[in-house]
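Note sheet for the following structure.
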Amino acid sequence: MEKPKVRLFVDQPLGAGQAVALGAEAANYLFNVMRLEKGASVALFNGRDGAWRAEVAEAGKRQGIAVCQAQTAPQVMPPDLWLMFAPVKKERTAFIVEKAVELGVARLMPVATRHTNSERWRVDKQTAHAVEAAEQCGATFVPQVDDLQQLDRILAHWPEGRLLYWADETLAAAASAAQRTVTAGPAAILSGPEGGFSDDEKTRLRALSFVRPLSLGPRILRAETAALAAVVLWQSAVGDWT
């Protein structure tokens, strides 16, 4: 069987001999855009069962069927890391979502802070960005994408046993010093908006026992750069990059 030219996320069970229904959107992409025909190979994943090579059994304009032939990669779960970030302008928010999927996070949590300058957030649209990123980078997992929530509310209901690493722009220590503050275990990263955190927010964060301030080095970073730099620091210290 030929090597699949297309990789597709499907929210259906995958396994040897499993028939997978291809709805209108998938059928349009596979058969109209990519010009696949009956008998073509396609790579499928669902975030639970690893990656599978499947063969197109039916190829219609609005629907189709693919049958799983063999698993090509096991299911690989990311570390138990949440990324909390204040949405920024449209393209830059999509960039955060896309790169966070590539870097390996388990959950994307947009937060509204005092200085957040963009509260336009659609779960369906950002989930689509996450799925597309996973399809393109070969991941077998798509992070959970949450609704936008107020930072105060999230902090008030913080789960026991999970540390929150706060990317504190007021710290100027070297990145190596920041890495030494990171310990293994369930974690989350909090990165702020373009205007930074307010004084009240900083005061509250510093008073919480589960919060660990994290330095991102001596330079001022843009909001999207800071969020991803913090993920890299955590991953390189205790994540699945070690």
Side-chain angles (χ1 to χ4, degrees), residues 1-85 87 90-110 120-149 231 239-240:
M1 182 179 289
E2 65 179 296
K3 183 178 180 180
K5 298 178 181 179
V6 179
R7 194 164 187 270
L8 187 69
F9 174 84
V10 293
D11 190 15
Q12 298 177 57
L14 299 176
Q18 178 72 46
V20 178
L22 304 170
E25 184 175 351
N28 179 65
Y29 175 65
L30 294 176
F31 311 134
N32 297 327
V33 178
M34 299 305 297
R35 303 295 184 182
L36 298 187
E37 299 178 346
K38 182 177 178 180
S41 293
V42 60
L44 304 178
F45 72 104
N46 62 5
R48 303 182 299 276
D49 302 319
W52 287 77
R53 186 181 67 246
E55 179 179 311
V56 175
E58 295 183 16
K61 292 183 177 180
R62 298 184 179 179
Q63 61 184 0
I65 295 176
V67 179
C68 295
Q69 302 293 320
Q71 188 179 54
T72 57
Q75 180 63 37
V76 178
M77 305 298 289
D80 190 2
L81 177 66
W82 302 348
L83 176 59
M84 299 165 55
F85 62 96
K90 181 173 62 175
E91 295 82 4
R92 288 157 58 190
T93 293
F95 178 80
I96 294 173
V97 171
E98 175 185 313
K99 300 309 173 185
V101 173
E102 294 181 26
L103 292 171
V105 302
R107 186 176 180 182
L108 293 164
M109 303 173 65
R120 294 162 57 181
W121 177 269
R122 285 177 48 188
V123 171
D124 59 342
K125 187 172 183 178
Q126 299 306 330
T127 298
H129 282 312
V131 166
E132 184 177 359
E135 289 174 341
Q136 293 179 351
C137 73
T140 57
F141 178 83
V142 178
Q144 173 181 327
V145 179
D146 289 2
D147 286 314
L148 182 72
Q149 298 184 63
V231 173
D240 60 3

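Scope of the values below: all heavy atoms of this structure, side chains included, with no hydrogens, waters or symmetry mates.
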Taking all atoms of both residues into account, what is the closest heavy-atom pair of [X] and [Y], and its distance?
X      : Y      : result
Glu55  : Gln69  : CB-NE2, 3.8 Å
Trp121 : Pro110 : CE2-CG, 3.3 Å
Phe31  : Glu58  : CZ-O, 3.7 Å
Asp80  : Trp82  : OD1-NE1, 3.8 Å
Ala54  : Ala66  : CB-CB, 4.1 Å
Pro79  : Gly239 : CG-CA, 4.3 Å

So does [Y] get a backbone contact from the side chain of [X], meaning a donor-acceptor N/O pair under 3.5 Å?
X      : Y     : result
Gln75  : Gly47 : yes
Arg7   : Phe45 : no
Thr140 : Val76 : yes

Point-to-point distance, once rounded to the nearest 0.5 Å, from CG of Leu30 to NZ of Lys5: 13.0 Å
statement: Interatomic distance, CE@Met109 vs CG@Leu148, rounded to 0.5 Å, equals 11.0 Å
Can you give me every donor-acceptor pair (side chain of residues 18-29, partner residue at least two apart or in another chain, under 3.5 Å) with its distance?
{"residue": "Asn28", "atom": "OD1", "partner": "Asn32", "partner atom": "ND2", "Å": "2.9"}

- request: Report the C-alpha separation of Leu44 and Val42 in whole Å, then their side-chain angles, then the decisive distance to 0.1 Å, and conclude whether the side-chain contact (heavy atoms from CB on, under 4.5 Å) test is met.
  value: CA-CA 6 Å; Leu44 304 178; Val42 60; 4.1 Å; yes
message: What verdict does the side chain to side chain donor-acceptor pair (under 3.5 Å) test give for Gln149 and Asp147, after you've listed the backbone C-alpha separation in whole Å, the side-chain angles of each residue and the deciding distance to 0.1 Å?
response: CA-CA 6 Å; Gln149 298 184 63; Asp147 286 314; over 6 Å; no
Please list, one pair per line, the donor and acceptor atoms closer than 3.5 Å that link side chains of residues 124-131 to other protein atoms, with sequence neighbours excluded.
{"residue": "Asp124", "atom": "OD1", "partner": "Arg122", "partner atom": "NE", "Å": "3.2"}
{"residue": "Asp124", "atom": "OD2", "partner": "Arg122", "partner atom": "NH2", "Å": "3.0"}
{"residue": "Thr127", "atom": "OG1", "partner": "Val123", "partner atom": "O", "Å": "2.7"}

message: I'd like to know whether Leu83 forms a side-chain contact (heavy atoms from CB on, under 4.5 Å) with Leu103, so could you lay out the CA-CA distance, the side-chain angles of the two residues, the decisive distance to 0.1 Å, and finally the verdict.
response: CA-CA 11 Å; Leu83 176 59; Leu103 292 171; over 6 Å; no
query: Taking atom CD of Glu102 as the centre, does the number of heavy atoms from other residues, nucleotides or ligands within less than 6.0 Å exceed 12?
result: yes
message: With a 6.0 Å cut-off (strictly less than), is the heavy-atom count around CZ of Arg48, excluding the residue itself, greater than 12?
response: yes
message: I want to check something: taking the side chain as every heavy atom from C-beta on, are Asn46 and Trp52 in contact at a cut-off of under 4.5 Å?
response: no
field: Stepwise side-chain contact (heavy atoms from CB on, under 4.5 Å) check, Leu8 with Glu135
entry: CA-CA 6 Å; Leu8 187 69; Glu135 289 174 341; 3.8 Å; yes
